[in-house]
There are 2 protein chains.
Amino acid sequence: MATTGGAGRPEKRKAITRAATTVFGREGYVRASMDAIAAEAGVSKRTVYNHFADKETLFLSVALQNSAELTERIRELMAKYLDRVVDLRRDLTDFAVERANAVLSAGEHGALGRAIRAEVANIPVDVLEAWLEAGPVASQRDLAQHFAALSGRGLLAVEDGELAAEQFTLLTFHGVAERSFWGALPVASEEVERIATAGVDAFLRIHGGPGAGRPAG
Amino acid sequence: MATTGGAGRPEKRKAITRAATTVFGREGYVRASMDAIAAEAGVSKRTVYNHFADKETLFLSVALQNSAELTERIRELMAKYLDRVVDLRRDLTDFAVERANAVLSAGEHGALGRAIRAEVANIPVDVLEAWLEAGPVASQRDLAQHFAALSGRGLLAVEDGELAAEQFTLLTFHGVAERSFWGALPVASEEVERIATAGVDAFLRIHGGPGAGRPAG
DNA sequence: GTCTATACAGGGATAGAC
DNA sequence: GTCTATCCCTGTATAGAC
């Protein structure tokens with residue numbers, strides 16, 4: 001898909017995609033140079049062009065891959081915190097904190113998302129839609145299903161799972177994302193926890209079930 | 001501040017800042033060229049460098065100016081909708097819609113905000129802080145004061161005005177900002193209204209006063 | 001036969017010179 | 001206002017090395 005043939009050794013290709021993720025995430029699409037990516041990967045520039053037709057193809061390829069990986073990582077967090085809920089407020093808060101850390105972790109996954117958001121006007125619409133579908137949209141759908149399940153168990157009173165998932169994400173995540181500029185600047189972990197706590201509190205006031213009162217204190 | 005002397009005619013300078021806002025907003029910092037800005041302004045490139053020391057100085061200058069202008073525009077919207085409230089739900093919704101349109105309007109103000117967010121890792125921290133203070137932070141403070149006043153009148157039950165302002169912005173604005181990638185892609189006005197309506201509804205469930213029940217229907 | 005290293009053509013950018 | 005010095009980047013080509 002959008003690569004050049006099947007030639008080349010797989011371990012080289014992996015080193016290239018890994019390096020491209022790092023450099024694109026750090027420098028952004030325009031500033032990142034193919035020389036820097038080749039150096040970061042420890043391969044010659046010719047090898048990079050042997051695996052990927054051009055810079056744009058490489059960027060879009062790692063963007064889609066990264067998006068899918070991040071969705072899977074978030075899926076694991078949902079399974080960890082939202083499948084077997086005992087203390088809903090606490091589990092929602094822990095999930096919110098860990099998701100924010102996962103998505104906005106300084107150098108890794110989140111940084112490429114920032115590069116994509118910066119280049120969105122220059123990305124072909126079909127690729128952008130594929131990126132959305134593999135990433136944010138998929139995560140939102142997963143979360144909606146968990147909320148629907150929790151509603152079925154009487155722990156939440158959610159009418160529209162999609163709306164609830166969107167509002168949960170806005171209240172617990174986007175405040176952190178905005179403050180950190182999608183991972184470009186560090187945010188203190190206490191701040192992440194504060195936002196998650198306040199966000200979950202607000203979320204439960206909107207969608208909380210009968211047993212979701214506020215904690216004492 | 002951060003410009004080159006006071007030389008040059010004021011109308012030329014205005015044409016340059018206006019052109020720079022347009023081109024930086026459209027192309028982003030790296031892709032925008034000083035040639036394109038000079039052409040857009042209808043002046044020679046020498047004139048641009050006569051007013052602004054270099055590309056970075058020009059960018060940061062228009063960024064700060066744009067941030068302050070947008071804050072003022074939002075301030076006017078607050079005065080229009082939140083000073084003399086008769087129907088709180090409706091006024092909050094109208095404010096949310098107009099603010100989203102103002103900030104994310106395709107080519108004008110909002111586009112530069114996207115360029116700044118993309119370049120945040122390359123902006124000096126003091127300039128970034130000045131930009132935040134003149135823009136998002138100031139607007140948030142203004143909104144917090146309005147919510148506190150509405151609370152004093154018994155129309156809201158807000159404990160922490162800052163928190164309420166942040167949650168209002170998240171619930172009614174950031175969903176649109178994310179969908180449009182901060183104005184890079186168009187969002188249907190029905191979608192903006194839908195998000196504003198659902199966001200205000202959620203906001204009033206969190207912070208609504210005694211008389212803020214949901215509308216019939 | 002893939003990889004490394006290096007060099008190079010072509011284009012475009014900034015910033016300054018005339 | 002045009003012209004240009006200097007630099008950097010993409011993508012290709014030309015060598016040889018495991």
Side-chain angles (χ1 to χ4, degrees), chain A residues 2-63 115-116 118-119 121-124 127, chain B residues 2-9 11-17 19-63 115-116 118-119 121-124 127:
Chain A
T3 69
T4 299
R9 289 213 247 286
E11 72 261 24
K12 297 286 180 186
R13 167 179 265 264
K14 203 165 184 178
I16 292 165
T17 56
R18 183 179 174 78
T21 303
T22 300
V23 177
F24 281 133
R26 190 176 60 220
E27 311 277 347
Y29 177 75
V30 184
R31 285 185 145 95
S33 79
M34 295 295 265
D35 279 309
I37 291 168
E40 176 81 26
V43 304
S44 81
K45 192 163 60 161
R46 195 68 189 84
T47 302
V48 176
Y49 280 101
N50 204 29
H51 282 270
F52 298 92
D54 52 26
K55 186 182 179 181
E56 184 181 356
T57 300
L58 174 58
F59 178 67
L60 297 178
S61 177
V62 297
I116 290 161
E119 284 300 309
N122 304 90
I123 292 178
V127 179
Chain B
T3 69
T4 299
R9 291 214 246 289
E11 71 262 25
K12 296 284 183 186
R13 166 178 265 266
K14 203 166 184 178
I16 293 165
T17 55
T21 303
T22 301
V23 177
F24 281 133
R26 189 176 60 222
E27 310 277 346
Y29 177 75
V30 185
R31 285 183 144 95
S33 79
M34 296 295 267
D35 279 311
I37 291 168
E40 175 81 25
V43 304
S44 82
K45 200 163 49 166
R46 187 73 185 82
T47 304
V48 176
Y49 280 103
N50 203 29
H51 282 271
F52 298 92
D54 53 28
K55 186 183 180 181
E56 183 181 355
T57 300
L58 174 58
F59 178 67
L60 298 178
S61 177
V62 297
I116 290 161
E119 284 300 310
N122 304 83
I123 292 178
V127 179

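Naming: A, B, ... by sequence-line order, numbering from 1 per chain.
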Can you measure [X] atom [atom1] to [N] atom [atom2] for me and round it to whole angstrom units?
X     : N      : atom1 : atom2 : value
A/E27 : D/dC8  : CD    : C1'   : 14 Å
A/F59 : D/dT10 : CZ    : P     : 13 Å
A/L58 : D/dT10 : CG    : C1'   : 13 Å
A/R31 : C/dA13 : CZ    : P     : 15 Å
A/K14 : C/dC3  : NZ    : P     : 16 Å

## Note on the structure
Output for pair (B/F52 CZ, B/I37 CD1), nearest 0.5 Å, gives 10.0 Å
### Task
Report the distance from atom OH of A/Y29 to atom CZ of B/R31, rounding to the nearest 0.5 Å.
6.5 Å
### Query
Nearest to the side chain of B/S33, which nucleotide is it out of C/dT14, D/dG1, D/dC9?
C/dT14
### Query
Does the side-chain hydrogen bond (donor to acceptor under 3.5 Å, both in side chains) test come out yes or no for B/D54 and B/T57, once each step is laid out?
CA-CA 5 Å; B/D54 53 28; B/T57 300; 2.7 Å; yes
### Query
Would you say C/dT4 has OP1 or OP2 under 4.0 Å from some side-chain N or O of A/T47?
yes
### Query
A/N50 side chain N/O closer than 4.0 Å to the phosphate oxygens (OP1, OP2) of C/dT2?
no
### Query
Checking all strands, does A/A38 fall into the base, sugar-phosphate, or nothing category for heavy-atom contacts under 4.0 angstrom?
nothing
### Query
Contact class for A/A39 vs. all strands (heavy atom < 4.0 Å): base, sugar-phosphate, or nothing?
nothing
## Note on the structure
What one should report as the nearest heavy-atom pair of B/A41 and B/A15 is CB-O, 3.5 Å
### Query
Which heavy atom in A/V48 sits nearest to a heavy atom in A/I16, and how many Å separate them?
CA-CD1, 3.9 Å
### Query
Any salt bridge (Lys or Arg N to Asp or Glu O under 4.0 Å) pairs touching residues 34-49 of chain A, not counting sequence neighbours?
A/D35-A/K45
## Note on the structure
Going 5' to 3' through nucleotides 11-18 of chain D and flagging B where a protein heavy-atom sits under 4.0 Å of the base, S where only the sugar-phosphate is that close, and - otherwise, we get BBB-----
